[in-house]
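What follows is a set of notes on a single structure, which appears directly below.
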Amino acid sequence: MQFMLLFSRQGKLRLQKWYVPLSDKEKKKITRELVQTVLARKPKMCSFLEWRDLKIVYKRYASLYFCCAIEDQDNELITLEIIHRYVELLDKYFGSVCELDIIFNFEKAYFILDEFLLGGEAQETSKKNVLKAIEQADLLQEVRHLIKITPN
Amino acid sequence: MSDVVEKTLTALPSLLSLDSQPGSAKLSSTSKLGNLIRGITELTSKHEEEKLIQCELSSIKEQVSSPNTTMMKELMVRTIYCEMLGYEASFSYIHAIKLAQQGSVLEKRVGYLAVSLFLNESHELLLLLVNTVLKDLQSTNLIEVCMALTVVSQMFPKDMIPAILPLVEEKLNHPKEIIRRKAVLALYKFYLIAPNQVQHIHNKFRKALCDKDPGVMTASLHIYLQMIQENPEGYKDLTASFVTILKQVVGGKLPMDFNYHSVPAPWLQIQLLRILSLLGKNDQSTSEIMHEVLDESLRRAEMNHNITYAILYECVKCVYTIHPKSELLEKAAKCIGNFVLSPKINLKYLGLKALTYVVQQDPKLALQHQMTIIECLDHPDLIIKRETLELLFRITNAQNVTVIVEKMLEFLRISKDDHTTIDLVGKVAELAEKYPSNHYTYAPDNEWFIETMNTVFSVGGDMMQPDIPNSFLKLLSEGFDSVEEDRKLRLFAVNSYISLLRGEPGKLPQRFLQVISWVLGEYSHLRADLEPALVLRLLAKLLDMKNCSSETKSWVLTAMTKLCEGGSGVSVAQQVSETYGSSLDTVLRQRAQELQHLSQDSELRARVLPRGAGLDRSLTYCHNLVQVDSSLSFLDGFVSEALAAGAAPYKPPHQRQEELAGTKALSLEPYGLSLPISMSSCITDRQSPTLLSMSSGLSATLKLDGVKRVWGREGYLSQKEPVEEPAQVEVPSPLRSPSQQGEADSFHSQTPSLTPTPESDQEKQQLASSLFVGLGSQSSVCLMGKSEPTTQRFRRKAKGHSTASSTSEQVSNSVISPPSTVDNLLCNNLLDSNITSELAVSSPQLTSRLSQGLAATNGTCDTDTELPESDRKESKPAVIRDSYVVAADPAPHEDPDRPKDLALSSHLPAELSELSHSEITHLCTNQNLELSVCHVQKEDSLLLIVFISNSSDSAVQQILVCLFSGVLFGEEAFTCWCDVVGIVSLLISRVCCRPLTVSTEEYGTMWLAFSHDTKQNLTLISDGQEPLTATLNVLKRRLQLHVVEIIGMEGIVACRLLQDQPCLMHCRVHAGTLAVWLRSPIPDLPDCLIYHCQRALQGH
């Protein structure tokens, strides 16, 4: 996978993860063009797009668009399921997720993404394992936090 | 999607009315981030947002730089947010690194996240992170180790990999699987950015593959996929392991955790299928290992959920990539059918895509789905339409090209995407140049070609590949076979352009205007009634247009210079030259000066710009070159230096594109003869030679040989004998399988039975018949890439056929099978140097043909027949082509006890018995006839001798011998020769190559003169000796090449075919392989020869 973008129906970027080194200028240009293209598409249309030399796979969940760029030889359908699995993970973590959860806790959304996809490849496909990893990190942080506070 | 998510997400919009109720329960209303976000949503204009963010950023900047700030984590999150909105906050990058370095675990996590979001792997600040990563990798806290590995797997400075590699390697033995998994992914990243850094730990990858945790194993597959992609040979031994893993996964042996919608580990399955398809490609024995598990996968993946479709799709791709097995292919074809027919648009898209992959191997699949394809052409979703066009592009042949091009142009007119436009315009131009004349539709060819190109130029505009207009002009100026046709074409172009200029030239793109002015300058004199002054005035009008670039103006002025004659013409020219004589643009000023001088001195003008000199002069002139050295020999020194320094060899843009497209498609490798494969599939991964020559002809240089060949013959030959074509096409093929046969027939009769939906209207029917014409009858021939040499021969044959047609028709259609099928067979043979084994495979087919032939002649025959081989020298091509019927003298019956070879060889004619002949190869037998062949090598020719022995006791009255040549070379003389070799299609190289003894200097001159080339890497052979010498010796021995000279790591080799057609080879040892570069004046010879070199080296 080359990158993943989350944006709202209004075209506001909610999350971006780039797995290929690009300059900021390019990233902005790509984002702008893609958001425009994807938003212009009608609901019943194909979830795949040929865009430049990449394949774009996108899916809309409520007001949020999840959009991945993959290479030509990659499997479009499995990418669609990667998006879905990510939504499932977010849902499990936040407890019925909504766009606001992602807006206000976007760093958490990033952490979850990093446990699921690493360097553009699916890292862990077991839902349980991903959430366990996140919970452990969260838990440990809180414990540390407590320890740090208590001695004083 | 789970119901819970569905519900929440559909309930979302009500939660989202941020403007009305900013303090939703979900917001952490106290946080500063919350305030910032809410603040932004309340704003109305972009300008206000900018102000707010700038303000926010400067406040953050202030706070982060103050020492002992406790808010660091919070500040960093806010900065990330601002960056996401598109505002730069580079001041914070260093703080992110510091946070990752010094913060508590909580802060570290945010710090690492910020780093991974802000920086990319080439950023210089990343170096500062190395120490932190080192420290965290050694930490006893698992979370810290995880964080470090996570960041490493995303980005790490290449040069610093050795510093942390030992630590990461160590983690492969960590008791926690999450650490092992992340370590594997970190190594994968290292492999991607610096493969040689991790070369020494390949055995550790194997350990990861055998890890007891499925997650770690899955992660290791990323590395394997990559490595196998680069070198499939090195990992064949792992095939069985991958198959076992896949079997276990498919059989549901993994923990339930890995299930996704009750499908076991789909990601893992897909990864494995991709690996297997790479391993099984071109490898029968490896493919056989995986057939069973593929079958299992296809069976298990029941059609109910997207995820099973994903697996099925990958399975289908795999089945079509590896060595084929007919049952699997059948199932895969059914799957593709399900995809294509699915009402779900995503599946339909993938179905089309899969169809595009396989259509070259299996054109009947496209036929099956023709009505669906037609429907997809009118689909409202452009993506579907686009993919359909891609599919059509691959099945284009001379008969449907008009319709397909029309569809493509239709799409171009509505497409707004530049990338698509450029791509499609290139494809249309390619098709138009490949099939410029079209006698199947009754449209005048010239018109169609010029008008198509007009649309290409106006739609493609200034975005298109620059070589499209170039090669168009070259086509126009070099002309084709017939002077009269050339004249007509040019005249038509002139007329068309004049009317365009009279319309609204302001709307035309610059490139098009340049083409127009060149053509008018060069050819407007062809139209006698056209006053040069009129053309001059039209051209002068272009100069006055506002949007006319100075490059175009320079083209226009040049054209005017060619045209300025006659009183009024000169005055227009004078006017223009006065205007531009003082132009600030020096090029324009020079053109204007030239125009002025030459318009006054007509004698000088005639000398400088002789009429009809065509492209060379004009382009030279335009580009201010004194002389065109089309081989660019003055650059040879530079090129060889660059190549020696390891630069990649040059490929023209079209070829590069083709190669990209090539990787997109599935394997086109030869599959042996186990199923009827199209001819195009016989061409190995070097892609179709025709395509290559086509594209090299289209390249930006001035070479034109390819183009001329491609379209000249195609068009005009056919025009001379259009009547005979249909008759040939209709001949049914006895070689095709009955199902195919049926299809082709029903297709040909164009009955409604071939439509899946009887109610579909007639219009679609018509479209279908025009689109899919030629696919059925000539199954393999008409597919893209391979079509024109075949059709060419096809037509030539028709010419000869006319004399013998009555006989052959009377005998039986089945004896003369359509050339396509035989070519198919021949091509397979031709490309295989191991002729005996191939023949063994092909003999059943021959037998069947033979027996049918016999049945038709009622088996009345009593003689051995020898073909009078003297008729078949290339000196008498006409005789050969016409000699479909050879009546033979009765000869004494053979004693069956005598050794066959001896028996037959005694029948060699006296003048040949002295010469060495090859072993007599037994081709096939049925109870009545036996067929054997051998070849005799003469100094100037190669003779094929066919022995037909009759073992029945009835007399043979008449024997019909058909020879069909394999596709060899475009050159006439050589084709004749092929015709003779025909049916056995002897290996060109071993049999016909002769060493060519030249000196290094001669070699140098010849090298520059030859226009067709191929480059490829070959494996080196090293048995003790110096590898280059060893390899060249093998080639010399096996292929009879002449090694001219070996200098250091480079060697030059020369050989020739019969008829003194040379081919030169330049070899260089580079990175463990032998980079060879072949050149020859004959179009496909380099490709052919390289193939045989490969075979020779493999066989060694």
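The chains referred to below are lettered A, B, ... by the order of the sequence lines, with proteins before strands, and numbering in each begins at 1.
- Using bins of under 30°, 30° to 60° and over 60° for the plane-to-plane angle, the ring pair A/Y58/A/Y65 lands in the tilted bin.
- Contacts between B/P380 and chain A at a heavy-atom distance below 4.5 Å involve the backbone alone (N, CA, C, O).
- Interface remark: B/L142 contributes no atoms to any contact with chain A (heavy atom separation under 4.5 Å).
- Contact count versus chain A (heavy atoms, under 4.5 Å) is highest, among B/M76, B/K348, B/Q154, for B/Q154.
- With a 4.5 angstrom heavy-atom cutoff, B/I307 touches chain A via backbone and side-chain atoms both.
- At least one side-chain heavy atom of B/L268 sits less than 4.5 Å from a side-chain heavy atom of B/L254.
- Between A/Y86 and A/F66, the angle of the ring planes goes over 60°, which puts this pair in the perpendicular group of the 30/60° scheme.
- Using cut-offs of 30° and 60° for the angle between ring planes, the B/Y260 and B/H305 rings count as perpendicular.
- Counting heavy-atom pairs closer than 4.5 Å to chain B, the top residue among A/K128, A/Q123, A/Q16 is A/Q123.
- Using a 4.0 Å cut-off between charged side-chain N and carboxylate O, A/D74 and B/R274 make a salt bridge.
- Between chain B and the options A/K27, A/Q10, A/K28, the largest number of non-hydrogen pairs under 4.5 Å is found for A/K28.
- Ranked by non-hydrogen atom pairs under 4.5 Å with chain A, the options B/I270, B/N346, B/N259, B/I383 are led by B/N346.
- Using a 4.5 Å heavy-atom cut-off against chain B, the contacting residues of residues 36-46 of chain A are A/R41, A/K44, A/M45, A/C46.
- Between A/K29 and A/E26, none of the side-chain N atoms (NZ, or NE/NH1/NH2) sits under 4.0 Å from a carboxylate O, so this pair counts as no salt bridge.
- Contact of B/T218 with chain A is not made at all, since no heavy-atom distance falls under 4.5 Å.
- Ranked by heavy-atom pairs under 4.5 Å with chain B, the list A/E33, A/K132, A/E124 is led by A/E124.
- Residue contact with chain B, scored on non-hydrogen atoms closer than 4.5 Å, involves the backbone and the side chain of A/F48 alike.
- Ring geometry for A/F3 versus A/W18: interplanar angle of 30 to 60°, hence tilted.
- The contact between A/E107 and chain B is made by backbone and side chain atoms together, counting heavy-atom distances below 4.5 Å.
- We find that A/K108 and A/D101 are not joined by a salt bridge, their nearest charged nitrogen and carboxylate oxygen being 4.0 Å or further apart.
- The pair A/E99-A/K12 fails the salt-bridge criterion, with no side-chain N (NZ, NE, NH1 or NH2) lying under 4.0 Å from an Asp/Glu carboxylate O.
- With a 4.5 Å cut-off on non-hydrogen atoms, B/Y112 does not touch chain A at all.
- Between A/E115 and B/K182, at least one side-chain N (NZ, or NE/NH1/NH2) sits under 4.0 Å from a carboxylate O, which counts as a salt bridge.
- Among the candidates A/A122, A/S8, A/G120, the residue making the largest number of heavy-atom pairs closer than 4.5 Å to chain B is A/A122.
- Minimum interatomic distance between B/Y313 and A/E76 (heavy atoms only, all atoms of both residues): CE2-OE1, 4.2 Å.
- Under a 4.0 Å N-O distance rule, the pair B/E74/B/R78 qualifies as a salt bridge.
- With a 4.5 Å cut-off on non-hydrogen atoms, A/L90 does not touch chain B at all.
- The local environment of NZ in A/K17 is crowded, with over 12 non-hydrogen atoms from other residues, nucleotides or ligands closer than 6.0 Å.
- Within the 4.5 angstrom heavy-atom criterion, atoms from both the backbone and the side chain of B/D381 approach chain A.
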